[in-house]
Structures are given as C-alpha cells and as structure tokens.
Amino acid sequence: MTAADRRLTYLGRQYTTECPVVITQEAISAYAAAIGWSATVNHSVPPTFAAVIANTAVDAVFEDPESGFILNHILHRSQRFVWVRPLRIGDAITAESTVKKIWPGRGSSLVEVAVRLLSYPSRETLCTVTMTWSYRDAGGPHQ
Amino acid sequence: MTTNPHRAAQVRPGDRLSERRCTVTRSDLRRFSLAAGDLNPIHLSDEVARAVGLPGIICHGMIIMAGALQIVESWLVESEEIVSASVHFAVPLPVPPGPGVELIFRGRVTAVENGVASIALQAESGDVPLLVGSTAQVRLSAW
C-alpha cells in the first residue's frame, strides 16, 4: 500500500481532544499581538482563534505515525467558520475533527477536515471549522 | 461605537468597508507560529519550504484571513457579530527577509437578507489577489 493509499483510509477518521482547552487572556494577548488585533465590544476573542483550538484536534492526524500525513507537506487552501456565538475568555472547549473528503490528484491530494468545537462539559456546538489542504505527495506539485 | 436602531435598513449592497493596510515580516510569522501553535516549518524555514516545492517561507493563511476579518470587525456596531466566514487562498504569499510584504484588505456588502449582510472579502499584496470567492456574514443589529 502506498503512502497515498494509506492516507485514503483516513477518510471518516475522527479525533477528539481529551482535555478541554480553556481560552485564557494570556493566549488571546499573544495571538492578538501576532495579528495586530484589538478587542471590540462585539468580539473579545479574535474570530479566527477558533482555528487554534480546532487545530488541537487536527494535530493528532500528524502525530499518528500510521496516518501517512506529514505536516510540512500541507498547504492551506481554504478555511470556513460558522460561529454559533463569539468565543469568550474563560470558555472551556473540546474539539472533534473528522477527515471529510480526500480528492486524490496527480502528485497531490485535496483533503477536507471538519472540526466541531464543543463547550465543556455541556457539549453544545460553539463553532464549526472546516479546512482544506493541498497535500503534496513526495516530489509532486501542490494543487 | 453606538447602537443604531436602523442599521439593518441602512446597510445596502455596494457599501464599502474601510480598507486596511498592514505589513507582514518574518518576525510576525514566528510570533504567529508560537501564538497559534502552528508548527508547520514552511512558515519558518526557507530550506523546508523549498524542499516541498515552495519559493521560500510563506505567510500563514490564517494571518491573511484574520486581517480580512478585522475590517469586518471594525465595521460592526454594538450587538452585531460575524456568524460565518469562508476564504479560499489563491496563491501562497512568499515573505522575504527584511521589511516583509504589504497587504491591503477590502470588503464590500454584496447582499442583505433576513437581517444578515454578506460581505465579499479581498486581500492583495503588490496587486496580486490573495483571496478568491471569500465572504463573511454579519447578523445586523435591530432586526
């Protein structure tokens, strides 16, 4: 089985974070400084911070040696968020990721991963984060 | 920022959001990698970026998306929030050493329906469009 075939078997695979991530003022300050962001009355957490939490359930894909996915072979192609409400400092959140689609191509594949962010412990959906990567096979071009 | 009871009636397709310019340097990329927990070395190492077919270190897509959403956040009035956003990255943005790259963000209202405004998002660097088919949806106040 080639590495590309092995990655195809990851379709539908789910990963869940075991511990909730708590949004702290320190984490938001560091992220806000990196993107030049200031809080408004509407948003006390940068909306895209949802991706930081979502990625805690995506890292597992790369930490799984059987997955065949290597982090530096990824190019971010698209990103979508649907927020039920803005995230807030103090929110405790768990993340559940699912590999939704893999479109194999010549030299690279497109991979779609969807992540649900859930309040902890009440498990209400706070945000849905969907990302698409171009995944480059060895020597192949990005799509 | 004040509450505007007629906001939903005042926002019209074609309205333009205030544009925003910013500069992104390699230091910004390092700061973002740390703050976002994004360890993909294509944002930190020319050597790794070139090994996977990129011209050199590239900007994180989420820095571009966060920049585009900031013009939407600045446009909101009290009790409004961004309910969804979706971007497609047109091309990787190389960030050379030194003064970095300048980015310009623009937004335009394309539709207002059921109290939700749709906004087309644009980002450019040196006249190169960085986003295609990218939008945000805002729930307007006093609907």
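Chain A is the first sequence line, chain B the second, and so forth, proteins listed ahead of strands; every chain is numbered from 1. Keep in mind it's a predicted model, so treat the numbers as computed, not measured.
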Step through the shown structure and confirm whether more than 12 heavy atoms of other residues, nucleotides or ligands are within 6.0 Å of OH on A:Tyr120.
no
Any side-chain to backbone donor/acceptor pair from A:Asn42 onto B:Glu81? Under 3.5 Å, distance only.
no
Under 4.5 Å from any heavy atom of chain A, what part of [X] do you find: side chain, backbone, both or neither?
X        : result
B:Val87  : both
B:Gln70  : side chain
B:Ile82  : both
B:Ala90  : backbone
B:Leu131 : neither
B:Ile58  : side chain
B:Ala49  : neither

[X] portion near chain B, given a 4.5 angstrom heavy-atom threshold:
X       : result
A:His43 : side chain
A:Asn55 : neither
A:Ile74 : both

So which atom in A:Asn72 and which in B:Ile42 form the shortest heavy-atom distance, rounded to 0.1 Å?
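Here A:Asn72 and B:Ile42 meet closest at O-CG2, 3.8 Å.
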When only pairs under 4.5 Å are counted, which of A:Ala32, A:Cys127, A:Gly36 shares the most heavy-atom pairs with chain B?
A:Gly36
